Structures are given as structure tokens and as C-alpha cells.
There are 2 protein chains.
Amino acid sequence: MEKCSKCGETTLIRSGFIRGKQRFFCKSCESYITIPNPNQPPSKKPHQTTIIDIAKVLGVSPSTVSRALNDSSEINEFTRQEIIRVAQELDYRPNLLAQSLNRGQTHTIGVVIPDIQRPFFAGVLAGIQEVASSAGYRVMICQSNESHSTEILNVQALVSSQIDGLLISHSIETNSFEHLKLHFNRGLPIVHFDRICNEIDTSKVIQEDFNGAFQLVEHLIEQGCKRIAICAGPPDLLISRTRFEGYKAALEKHGLSFDESLVHHTGFKAGESLVGLESWLALPEPPDGIFAVHHANAVEMMVELKQRKIKIPKQIALVGFGDDQIASLIEPPLTVFHLFPFKIGATAAKMLINQIVEKEQSPTSQVTIQGELRVRSSSLRKN
Amino acid sequence: MEKCSKCGETTLIRSGFIRGKQRFFCKSCESYITIPNPNQPPSKKPHQTTIIDIAKVLGVSPSTVSRALNDSSEINEFTRQEIIRVAQELDYRPNLLAQSLNRGQTHTIGVVIPDIQRPFFAGVLAGIQEVASSAGYRVMICQSNESHSTEILNVQALVSSQIDGLLISHSIETNSFEHLKLHFNRGLPIVHFDRICNEIDTSKVIQEDFNGAFQLVEHLIEQGCKRIAICAGPPDLLISRTRFEGYKAALEKHGLSFDESLVHHTGFKAGESLVGLESWLALPEPPDGIFAVHHANAVEMMVELKQRKIKIPKQIALVGFGDDQIASLIEPPLTVFHLFPFKIGATAAKMLINQIVEKEQSPTSQVTIQGELRVRSSSLRKN
DNA sequence: TTCGTTACCGAAAACGTTGCCGATAGTTTA
DNA sequence: TAAACTATCGGCAACGTTTTCGGTAACGAA
């Protein structure tokens, strides 16, 4: 008969199984015991050194180590030096998880964008990274892939990761913003950029969507275009609508009539613009100028026009929105309204971090990053 | 005279200041007291609901809530349903920090790349994101900006963040790998891609650097080129050297002599290739073919050649490494050896995650992602 | 009855840090 | 020469979660 490991008596009786192991009950000391597993293979997980390790080496308390490492004033200079020395010897790295859990902030900002691979967003990211990392913040990036549901999941994942703030440019599909409102109301700092949302009172960074479109179209008109088509974006998207407004305003200013048949909407996907192009070219009176709201659309239309042996800009002048390396390299070089993605990202990150550190409900602001009309030969019809 | 808050006696004597507040010593109960700050403004930080909140609502213990939420078997079905109901009502989100701290893993992988904005790396990132997020992993991205010291900081930051594994493509400057060895030896799963390092026994994902270069150069030779120049990369970088070897092997195979004056090294920075081009054109016998190891170099040389009215490919044929949208759009379209960045990223992420979940020191492997020769008119001299 | 069993659940100890509070030796002041 | 003070340090709770261990009620079997 086994003996009780506590009182030593042999008054053990079986008492069922628990988690696969036989359990006993000792009637003397009235307690339950299980036979402990003797050979617990010490999982040997590689141990990161902690402040407790340092404390043990020096015979001080963890608090003291923490104070030394955080430049507290309540610590002896000699002790601090010793602690720092040992910390270096043991290659101590603070566990940011524990730190964040304790302090209640992670020094991490979340970013939700539709697609990393688009040069515009890659540029924005670079700007965000630059500002964030020089301010001591880490960045966690999620792609929505232009899907509303993915965007919601992204936001949830980031919030669960306890981000200190959120930068977001909405997906094309996104038309409801409850997933943001909730966290915004709970006090999560949020800054919108590019594809903003006006239903929530966040700070925003936008480009000159209206102005840019206006300038591009006006430029076409000045070059003598009379029938200007627009390859517009998704109608749900705010920036699409704004650029569309800019287009109409320019037409109106110069007394050109708006023609519904010269409007084609796309979803920013490859090839979608060609449908519109096709229909325009079939018109009894085809356009003599095309304004593409999305950069990639302009490029693919140019390729198509060249294949059809249509002279650019003689027969049709072409302008695009948003620059790319491609615009200047393609033949003929494309006239664009250049945005500054890096600056957009940097500005948004700066605003967000300000909001995070100031805590105050500082009034939300809206900043517009200036763009720049870059005229190239795809639109130069004079001379 | 103040009364001691513990024994009620008035045997208080002053005992110095501590953190700005007067301190007293009670001779009766022999203890120190300070006057407590009466009005501690309750900071009202917006409270995320925790399992404790849920536990309180239902009058159960936090353990039970945790069990319910983690699909433990040791829980009553009804209790579980109730807990899940309340959790939804309170919009409970698990605090991933606490979870990670407890479990010892973060479900986060770190990525270090030289530059987000290069289409190649953007593509890799997209592949990583895709695989990681569908496996339930988050991704933390750092840019080294081609700087060794930044890369070291990146790695440290990621390790401090307790990442479960690391994907890295080294910076140009990186020639020592101590910052990785340390963590690798401690058991951090690491997978190299693209710019790998052979000093550490990590798993690696590479492209066909040798083969690609070989095929490109062989293609030039088949097109009749006799003097083929190479715009090589940084000599320290392994992939540069490998591509250079491929170049030399192709020359050798076809009995062409290697000419040192036809070699120019760049650091992958804008404009650097033009110096080499200049010197080549000044040669008594200029090259009739150019192989650019870096995509951007090929593009900028093409622009320069066109400006100098040199016919491509008639006078000089041009081929590049690594595709881009630009290659097909530029005039003339550029022959390249196309890499598949998305696949590289996806593969690397898959390997890393396998390594993480298997824990075992599974033998490290090295995978080569097949490339593809894409012949375009920049190199077609026959027809 | 009394033992053996199952099905649950709670308490408490982790995880690594920080910050509040209290304690003490030594020093200065009255 | 006690009182007041300074400079340091240790203890402990807290952050939110998981997990181990032990306890109890209810039920079946001997």
C-alpha cells in the first residue's frame, strides 16, 4: 500500500482519475494526492535573461534592477553601473510584452491598408515607418485586400494586440464603419489617410483630390481637348467621387458640357478600364482626351491605345492621377498629378503619435498634402 | 498634533520627506506613515473588458471563463454558453499581450528587409502576409534601409517583442552576423531569403541567381553578342557574387573571354550604373550587350542609352534581372529573368511557421524558387 | 454504507515588469 | 542627542491570462 506523501499514513483510498492519473484520498489528513510524475523532462526552453536573473547575480531585488535600467533617480550610481554591467554580460533584453502589459501601452501602432504592393501604399508605409521608428514606435501592418470583412478582422486583430493607435485607409468595399466607431469611442486614437471616412470624427490626412483632378482636366482643356472622358474609380469611394467632382468643375468652368457617355467607373482592378476605352472609341464622336483617376488605368489604356495605333497625344491626350516611376519611363511619358505618398504616411504617423502622447482629446484636424502637376508629353498637343 | 492612522496615538514625529511628501514615525506602533493623497483623480482610462469582468457578471471564477473561451473539456456546456453570451455582450477581446506573456509565444513573426518600397520586397511581403495571416500569425516588419547598424537594431527590437520567428534578407552593408547567431543559438527560428548568409545554419529560400544570370548571358550570346558587359551589384553581397559567377560561366561555356574592363559594380543606388556605362562607351571597343544584375540599373541604363541615341538592341542589347511592371512597359520592352517575389515570401513564411510549430530541430533546408526567362525586344537582335 | 468515479469548478501560481509603499542606515540639524 | 532628513533598497501588488492542483457534489457499484 502506498503511503500518503503528507502525513505518511497508509490510509489512502482511491479517489477517481483526474487528467488521466490515478488520484488518492488520505483519510488521515483529509487531502487528495496524485502520484507526481517523477521524470518531468525539463523542456529546456531557451531562457531569455530577465531582470530576476540579474537580481540574483548581484543579490539585489528585481525592483532595484528595474530602477537601474529605467534611469530612476532613487538608485546608487555604483549599483546602477554594476547592474548595467551584468545586464550586458547576460545580454539582457527587456521583455516588451511584460513591459507593455504593465504599463498599459505597447508603443505599437497598427496600419491597415488595402494592398502593400501598390507603390502608393508602399510609399505611405515607408513614411509611417520612418516617423514611427524614430519616435520609438513599432508598426504592425495589415492588408485588407480591398475586402470589408478582412478589414474588420484586421482591426480586431490589431486591437487585440493592444495597439496604441491606428492608421487606416479603407478598402473599396467598406461602406459601414461600426468596426471603427466602437474602438474610437473607447478612446483608441485613429488617423485616417487617403481613403478616409467622414462618419467618424478622426484626424485625417488627404491629398488634393479635387484640385488635382481639376488641374489635370483644365490642363487638357488648355491643350485644346474638347471631349474629355474620365475613367473614374469605384463610385462608393470618397476619393473617387471627389476627383470626379474636380473633373466636372473643370469642365463647367471652361464651358464644356458634361457627357455621361464619357464616364466609366472601375474598381481599380487590372483591365477594367479597357471596357470603357472600347466603348468610347466606338462612339460617333470619340474623346480627344482621357483623364484616369487611377494611375494603373492610365498606363493600361496607354498600352491599349498604342496597340490600336492611336496617336498620343495627337488623337487622344492622356493624363493620370498619382505618379509612379512608370509614368516617366513609359512612352510617351505620362502627365500626372503627383501625390507624395511618403509625406502622407509620415504626416499621418506624426499626427497619430501626437494624439497618443498628448492623451488629451485634442481637436481633430484634417491636413491636405499638396500634390504637383507634372506635365509630360502624353498631354502636350500644342507645338 | 496629527494622530497616527494606525494606533491612534499622537506619538508622531517627523521623519523626513519621501518623494516630496512629509513622512511621520509613530513611536507607539513603530511604523512610518505618510499622509495619503486624498483626491486621486481616477484616471478613467477606457477599460477593455477582461475575463474578470465576465467572471464577475456570472459569479464564476476567471479560470472558468478562460476554460470556456479556450474550449477546454472540463467545463459544463451550459456554463460555456452563458460565458460566451456574456463575452459577446461585453465585446470581449482577449488581451494578446497577457496571453503571449503567459503562453510564452506571441504568434508573431518578424521580418527584416532592406526597403519596403522596392517592388521585389513588397511582393515578398505580400507573400509573407498571405501565408502568415492564414496560419494565424501576425507580422511585424522592419526596414534596415541597407544599413548594418539599423539591421541590428531591427533584430533587437523584434527579439524584444518576443517574436516567435524571424525572416530576414540582409542589408548590403551586412558582413558580420553576430547579431543573428546569438539568437539563433538560443533557439530562435530563423529563415533567410534572397540575401542569405551562409555562416549560420538556417533554412533559406533563394532564387536562381546563378542560373538566371547564366541564361540571360547565354541568351545574349545566342543573339550574337560578343562583348558583354555586366553591371554587377555590391561585391560583398552573396547574390551579386553568384550572379557574377553565372555571367562568367556563360562566357566560358561559349568561349568568350572575360574582360575586366566590362565589369562595373554598383550599390543598387540610383544613377550608379551610369558611371559604368559611360566608361564602357568610351572604350575603343564598346560592349554590344549589357547584363544588369539589378533591375533598376537596367532601366536607368536604357533611358541613358536612348538619350544617347544608341539603338537597342541593334547596337547594344540589354537584359536585366528581376522583373517589374516597368520591364514590359518601357520602350523597348526589357528582357529579364523574372523572379517570383510573392512565392519567395510565401515559401519562406511557410518554412518558418513549420519550424515554429514543430519545435524539433528539423534539419534546415534550402529551397530555390524557380525563375523564368522572359525574352523581350531589348535583346532580340535576330529576326 | 463505503468506496470508486466522473464532472465541474475555484484558488493560486506563474509569465516579466513597474511602481507604490515602507523600511533602514547613515547624516545633518537643532 | 534626539529629531529631522537623505539616499537607497526590498516587498508586494498589479497588468490579464493560462494552467496546475485540489476540492466537492453527485452518482454508480460493491
Side-chain angles (χ1 to χ4, degrees), chain A residues 12-19 21-25 27 30-34 36-37 40 45 47-55 58-70 72-80 92-106 160 162, chain B residues 12-19 21-25 27 30-34 36-37 40 45 47-55 59-70 72-80 92-105 160 162:
Chain A
L12 286 186
I13 55 175
R14 260 177 255 263
S15 170
F17 288 87
I18 185 141
R19 279 166 288 270
K21 287 197 302 188
Q22 177 68 256
R23 192 162 68 151
F24 297 92
F25 182 74
K27 299 216 284 192
E30 291 192 339
S31 67
Y32 294 84
I33 57 172
T34 57
N37 228 340
Q40 193 60 273
K45 70 163 90 169
H47 178 68
Q48 279 256 77
T49 65
T50 71
I51 55 171
I52 300 182
D53 298 324
I54 301 177
L58 290 169
V60 298
S61 80
S63 334
T64 305
V65 178
S66 174
R67 269 188 288 258
L69 265 25
N70 288 291
S72 161
S73 59
E74 295 190 12
I75 184 146
N76 182 282
E77 188 53 31
F78 176 74
T79 316
R80 158 181 287 137
Y92 167 77
R93 309 269 167 219
N95 184 324
L96 262 30
L97 288 180
Q99 223 168 49
S100 302
L101 180 60
N102 185 294
R103 297 209 240 236
Q105 50 173 315
T106 53
S160 280
Q162 311 293 116
Chain B
L12 285 185
I13 56 176
R14 259 175 258 261
S15 171
F17 288 88
I18 186 143
R19 280 167 285 268
K21 287 198 302 189
Q22 176 67 273
R23 194 163 69 150
F24 298 92
F25 181 75
K27 300 215 285 192
E30 291 191 341
S31 67
Y32 294 85
I33 55 171
T34 57
N37 225 341
Q40 195 61 277
K45 69 165 88 170
H47 178 69
Q48 279 254 80
T49 65
T50 71
I51 56 171
I52 299 182
D53 298 325
I54 301 177
V60 298
S61 81
S63 338
T64 306
V65 178
S66 175
R67 271 188 284 258
L69 265 24
N70 287 292
S72 160
S73 60
E74 296 190 10
I75 185 152
N76 181 283
E77 188 52 32
F78 176 74
T79 316
R80 159 181 286 136
Y92 168 76
R93 309 270 167 219
N95 184 325
L96 261 31
L97 287 181
Q99 224 169 47
S100 302
L101 180 60
N102 186 294
R103 296 211 241 237
Q105 50 172 315
S160 280
Q162 310 294 113

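Within every chain, numbering begins at 1; the chains are lettered A, B, ... in the order of the sequence lines, protein sequences first and strands thereafter. A quick note: this is a predicted structure, and the numbers were derived from the prediction, not measured.
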K.L.:
With nearest nucleotides of DNA chain C determined for Arg23(A) and Leu101(A) from heavy-atom distances, which residue corresponds to the more 5′ nucleotide?
P.N.:
Arg23(A)
K.L.:
Which part of the nucleic acid does Gln22(B) contact within heavy-atom distance under 4.0 Å: base, sugar-phosphate only, or nothing?
P.N.:
sugar-phosphate
K.L.:
Partners of Thr49(A) by side-chain hydrogen bond (donor to acceptor under 3.5 Å, both in side chains), sequence neighbours excluded?
P.N.:
none
K.L.:
With sequence neighbours excluded, tell me which residues meet side chain to side chain contact (heavy atoms under 4.5 Å, CB included) with Asn102(A).
P.N.:
none
K.L.:
Please enumerate all residues that pass side chain to side chain contact (heavy atoms under 4.5 Å, CB included) together with Arg93(B), with sequence neighbours excluded.
P.N.:
Gln156(A), Ser160(A), Asp91(B)
K.L.:
Check every strand shown and say whether Ile18(A) touches a base, only sugar-phosphate, or nothing at a heavy-atom separation below 4.0 Å.
P.N.:
base
K.L.:
So for the helix from dT1(C)-dA30(D) to dA30(C)-dT1(D), with five pairs setting each end axis, what is the inter-axis angle to 10°?
P.N.:
60°
K.L.:
Grab the two heavy atoms, one from Arg67(B) and one from Arg80(B), that are nearest each other, plus how far apart they are.
P.N.:
O-NH2, 4.3 Å
K.L.:
So what does Thr50(B) hit on the nucleic acid, given a heavy-atom distance under 4.0 Å: a base, only sugar-phosphate, or nothing?
P.N.:
sugar-phosphate
K.L.:
Looking at every strand, decide which applies to Ser100(A) at a 4.0 Å heavy-atom threshold: base, sugar-phosphate, or nothing.
P.N.:
nothing
K.L.:
Asn70(B): what forms a side-chain hydrogen bond (donor to acceptor under 3.5 Å, both in side chains) with it, not counting sequence neighbours?
P.N.:
Ser66(B)
K.L.:
Between Asn95(B) and Val65(A), just flag the one whose closest nucleotide in DNA chain D comes earlier from the 5' side.
P.N.:
Val65(A)
K.L.:
Just jot down the side chain to side chain contact (heavy atoms under 4.5 Å, CB included) partners of Arg23(A), sequence neighbours excluded, or say none.
P.N.:
Ser15(A), Ile18(A), Tyr32(A), Thr34(A)
K.L.:
Identify the two heavy atoms, one from Asp53(A) and one from Gln48(A), that lie closest to each other, and give their separation to 0.1 Å.
P.N.:
OD2-O, 3.9 Å
K.L.:
Looking at residues at least two apart in the chain, or sitting in another chain, which of them share a side chain to side chain contact (heavy atoms under 4.5 Å, CB included) with Gln99(A)?
P.N.:
Pro94(A), Leu96(A), Arg103(A)
K.L.:
With sequence neighbours excluded, what pairs up with Gln22(B) under the side-chain hydrogen bond (donor to acceptor under 3.5 Å, both in side chains) test?
P.N.:
none
K.L.:
Compare all side-chain heavy atoms of Leu12(A) with those of Phe25(A) and state whether any distance is below 4.5 angstrom.
P.N.:
no
K.L.:
Students often get this wrong, so: under 4.0 angstrom with heavy atoms, is Leu97(B) touching a base, only sugar-phosphate, or nothing?
P.N.:
nothing
K.L.:
Extract, from 5' to 3' on DNA chain C, the first and final nucleotides lying under 4.0 angstrom from some heavy atom of chain B.
P.N.:
dC8(C) to dT24(C)
K.L.:
Could you check Arg67(A) against Ser15(A) and say which one's nearest nucleotide on DNA chain C is further toward the 5' end?
P.N.:
Ser15(A)
K.L.:
Ile75(A) near the nucleic acid: base, sugar-phosphate alone, or nothing, with a heavy-atom cut-off under 4.0 Å?
P.N.:
sugar-phosphate
K.L.:
Pick base, sugar-phosphate or nothing for Tyr92(A), based on heavy-atom distances below 4.0 Å to the nucleic acid.
P.N.:
sugar-phosphate
K.L.:
Name the residue closer to the 5' end of DNA chain D, choosing between Ser63(A) and Pro62(B) according to the nucleotide with the nearest heavy atom.
P.N.:
Ser63(A)
K.L.:
Between CD1 of Ile13(B) and CZ of Phe24(B), what distance do you get to the nearest 0.5 Å?
P.N.:
10.5 Å
K.L.:
Students often get this wrong, so: under 4.0 angstrom with heavy atoms, is Gln99(A) touching a base, only sugar-phosphate, or nothing?
P.N.:
sugar-phosphate
K.L.:
Name the nucleic acid region contacted by Ser31(A), choosing base, sugar-phosphate or nothing; use a 4.0 angstrom heavy-atom cut-off, strictly under.
P.N.:
sugar-phosphate
K.L.:
Mind checking which nucleotides bracket the chain B contacts on DNA chain D, 5' to 3', with an atom under 4.0 Å from a heavy atom?
P.N.:
dA3(D) to dT20(D)
K.L.:
Please identify each residue that fulfils side-chain hydrogen bond (donor to acceptor under 3.5 Å, both in side chains) with Thr79(A), with sequence neighbours left out.
P.N.:
none
